Amino acid sequence: MRIGELAERTGTSRRLLRYYEEQGLLVPDRSANGYREYDDTLVDQVVRIRGLLAAGVPTKIIRQILPCLTEREIVQFSGTTEPILTALERERDQMSERIEFLTRNRDAITGYITAVKSQSRTGY
DNA sequence: ATTCTTACA
DNA sequence: TGTAAGCA
């Protein structure tokens, strides 16, 4: 499929798809006319890349584990080298920290909301 | 009609 | 990232 279809099927702008390619996150084929040609399996690939990006994983890491998340949702252990594994563990820990950070702030906001509501009940 | 690259806001 | 220009 060409970029337009992939954009629709992944909910990603064409601009961003080209940018991902520029960052080495996507490697589409090129047809004779110069148009990018994307394999069907890349639909899931893009969705997963976006998920990692949304989770705060840097493109550098994503690029490293790219061969691991190629095709299916099953990981390809063959391409998982020692340094990549180390990078992933560090990434996981940072993710945990972000989760805790978000949890604290969510609770703080909940507390604020509760306070505001109880005040509005009491009057202005 | 659709995509491509380059470049600017 | 969006958008515009000028091609193919």
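As the structure is a prediction and not an experimental result, all values here were calculated from the model. Quick note on labels: first sequence line is chain A, next is B, and so on, each numbered from 1.
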First locate atom [atom1] of [X], then atom [atom2] of [Y], and finally report the distance between them rounded to the nearest 0.5 Å.
X: A:L17; Y: A:I3; atom1: CG; atom2: CD1; value: 5.0 Å
X: A:D44; Y: A:T10; atom1: CG; atom2: OG1; value: 10.5 Å
X: A:L25; Y: A:R50; atom1: CG; atom2: CZ; value: 12.0 Å
X: A:L16; Y: A:Q23; atom1: CG; atom2: CD; value: 10.0 Å

Across nucleotides 3-9 of chain B, 5' to 3', mark each nucleotide with B, S or - according to how protein heavy atoms within less than 4.0 Å reach it. BSB----
For the hydrophobic clusters of this structure (ILVMFWY residues joined by side-chain heavy atoms under 4.5 Å, transitively), does one cluster hold both A:L53 and A:L42?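 The answer is yes; both residues are in one hydrophobic cluster.
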Linking I/L/V/M/F/W/Y whenever their side-chain heavy atoms sit closer than 4.5 Å, directly or via other members, would A:L88 and A:M95 fall into one cluster?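 Both belong to a single hydrophobic cluster.
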Donor-acceptor pair, A:R106 side chain versus A:F101 backbone, under 3.5 Å?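 No; zero donor-acceptor contacts below 3.5 Å.
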Can you name the side chain to side chain contact (heavy atoms under 4.5 Å, CB included) partners of A:M1, sequence neighbours left out?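 In terms of side chain to side chain contact (heavy atoms under 4.5 Å, CB included), with neighbours along the sequence ignored, A:M1 is linked to A:E5, A:L6, A:R9, A:Y38, A:D40, A:V43.
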Taking only residues two or more places apart in sequence, or in another chain, which ones meet A:V27 in a side chain to side chain contact (heavy atoms under 4.5 Å, CB included)?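 By the side chain to side chain contact (heavy atoms under 4.5 Å, CB included) rule, A:V27 matches no residue at all.
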Pairs where residues 10-33 of chain A contributes a residue and the test salt bridge (charged side-chain N to carboxylate O under 4.0 Å, His left out) is met, not counting sequence neighbours: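 Salt bridge (charged side-chain N to carboxylate O under 4.0 Å, His left out) check on residues 10-33 of chain A returns A:E21-A:R30, A:E21-A:R36.
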At a heavy-atom distance below 4.0 Å, which nucleotide of DNA chain C is the first touched by chain A, and which is the last?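 Result: C:dT1 to C:dA8.
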In dot-bracket, 5' to 3', how would DNA chain B read with Watson-Crick or G-U wobble pairs under 3.5 Å, [ ] for crossing ones and | for pairs to another strand? .|.||||||
